[in-house]
Each structure stands twice: as C-alpha cells, then as structure tokens.
Amino acid sequence: QVQLVGSGGGSVQAGGSLRLSCAASGSTYSMYCMAWFRQVPGKEREGVAVIDSDGSTSYVDSVKGRFTITRDNANNTLYLEMNSLKPEDTAMYYCASSALGCHDTDYETTSAAFGFWGQGTQVTVSS
C-alpha cells in the first residue's frame, strides 16, 4: 500500500509560479514511476509529467519548458515546480504512483497504470 498526500496548490495570476508537493509513504515497490495528473470538471484526467526512480522525466507537450518534476527518494517526496502559469493550467492536480517504470505507463493516454493517488490539490490561474 502507498499513501500519497498532495499539497501546495493555490490561486495565482497568469505568469506566476507554484510548487506542488506530494508526501509518500508505504511500499516503495509501488513507487517506481511517480506522476502528476490534472483534471478539469467534465474532462478526462490528463497526465502532466512523470519521473522514474532513477530521475528520468517526461512531460506532456503543453507544459514542457514551464513545469519541472522532481523527487526526493530519501524523503519519499514528489514535487512539481510550475512556472509561467497560464489560465489553461487551472485544474485539480493529483500525484500518483505506479509499480511500473514510466516508459511502460503510457501516462499521456491513460492513468490505468497508476494504482495509488493523492487527494488532489487545486490550482487556479487567473488572467
């Protein structure tokens, strides 16, 4: 079992920055790939970024160059640094973990490979 607790959301103006955190506890076996997803009401949950246990990362095109995902394995904490925020980044952000390597999760298409989820933290960007 893995427990994930996300935090750090808030309201900012366009162009601003936020840093999300996700504290993880439990079985490290299920935390090979860690991810951030986001969801807007009425839309599918969207994969934003993933990071493997070795630190390799991948980002969805819409956030490349603006968002940075990192993880502190010693303290079991996942981060998402978000810069140059846009109104279209407004969403509920969820951290998630998978027992698979990120390459095998197909995170840009589906969230099915991620078995553990945080409770979500709201990010609101105003224009």
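- A 6.0 Å sphere centred on CD of Glu44 holds no more than 12 heavy atoms belonging to other residues, nucleotides or ligands.
- Side-chain atoms of Val123 and Leu18, non-hydrogen and from C-beta on, do get closer than 4.5 Å to each other.
- Put simply, Leu78 and Leu80 are part of the same group of oily side chains (I, L, V, M, F, W, Y) that touch within less than 4.5 Å, one to the next.
- Here the side chain of Gln39 pairs no donor or acceptor atom with the backbone of Glu46 at under 3.5 angstrom.
- In terms of heavy-atom proximity, Val60 sits nearest to Glu108 at CG2-OE1, 3.9 Å.
- What you find for Thr70 and Ile51 is that their closest heavy atoms are CA-CD1, 3.7 Å.
- Taking the centre and axis of the six-membered ring of Tyr94, the NZ or CZ atom of Arg45 falls inside the cone set by 45° and 6.0 Å.
- With values rounded to the nearest 0.5 angstrom, Ile69 atom CD1 is found 9.5 Å from Cys22 atom SG.
- Under the 3.5 Å distance criterion, with hydrogens and angles disregarded, no donor-acceptor pair is assigned to the side chains of Asp72 and Thr77.
- Contact annotation: the side chain of Met82 approaches that of Leu20 to within less than 4.5 Å [non-hydrogen atoms, C-beta and beyond].
- Aromatic pair Phe37/Trp117: ring centres closer than 6.0 Å.
- Side-chain atoms of Gln13 and Ser126 include no donor-acceptor pair closer than 3.5 Å.
- Arg19 and Glu81 get closest at one heavy-atom pair: CG-OE1, 3.4 Å.
- Minimum heavy-atom separation, Ala14 to Ser127: CB-CA, 4.3 Å.
- Proximity of a side-chain donor or acceptor of Tyr107 to a complementary backbone N or O of Phe114 within less than 3.5 Å is not detected.
- Looking only at side-chain heavy atoms (C-beta outward), Asp52 and Cys102 come within less than 4.5 Å of each other.
- Of the possible polar contacts, none joining the Asn83 side chain to the Ser17 backbone as a donor-acceptor pair under 3.5 Å is found.
- Residues Val50 and Val2 fall into different hydrophobic clusters, defined by Ile, Leu, Val, Met, Phe, Trp and Tyr side chains chained together at heavy-atom separations under 4.5 Å.
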If you apply the rule side-chain contact (heavy atoms from CB on, under 4.5 Å), what do you find for Thr121 with Ser7, and how did you get there? CA-CA 6 Å; Thr121 185; Ser7 62; 5.5 Å; no
Could you walk me through whether Arg38 and Val63 satisfy the side-chain contact (heavy atoms from CB on, under 4.5 Å) test, starting with their C-alpha distance in whole Å, then the side-chain angles of each, then the deciding distance to 0.1 Å, before giving a yes or no? CA-CA 12 Å; Arg38 63 187 180 187; Val63 307; 4.0 Å; yes
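- Between the SG atom of Cys95 and the CH2 atom of Trp36 there is a distance of 4.5 Å, given to the nearest 0.5 Å.
- Side-chain contact between Tyr59 and Thr68 is present, with heavy atoms from C-beta onward closer than 4.5 Å.
- For the pair Leu4 and Met34, the minimum side-chain heavy-atom distance is below 4.5 Å.
- Judged by the 6.0 Å and 45° rule, Arg71 forms no cation-pi pair with Tyr79.
- Scanning both residues, Gln122 and Thr90, for their nearest heavy atoms gives NE2-CG2, 4.0 Å.
- Annotation: side chain of Gln3 is not in contact with side chain of Phe116 (no heavy-atom distance under 4.5 Å).
- Classification of Lys86 and Asp89 as a salt-bridged pair fails, no side-chain N sitting under 4.0 Å from a carboxylate O.
- Taking the side chain as every heavy atom from C-beta outward, Phe67 and Leu85 approach each other to under 4.5 Å.
- Judged purely by atom type and a 3.5 angstrom limit, Ser84 has no side-chain atom pairing as donor or acceptor with the backbone of Arg66.
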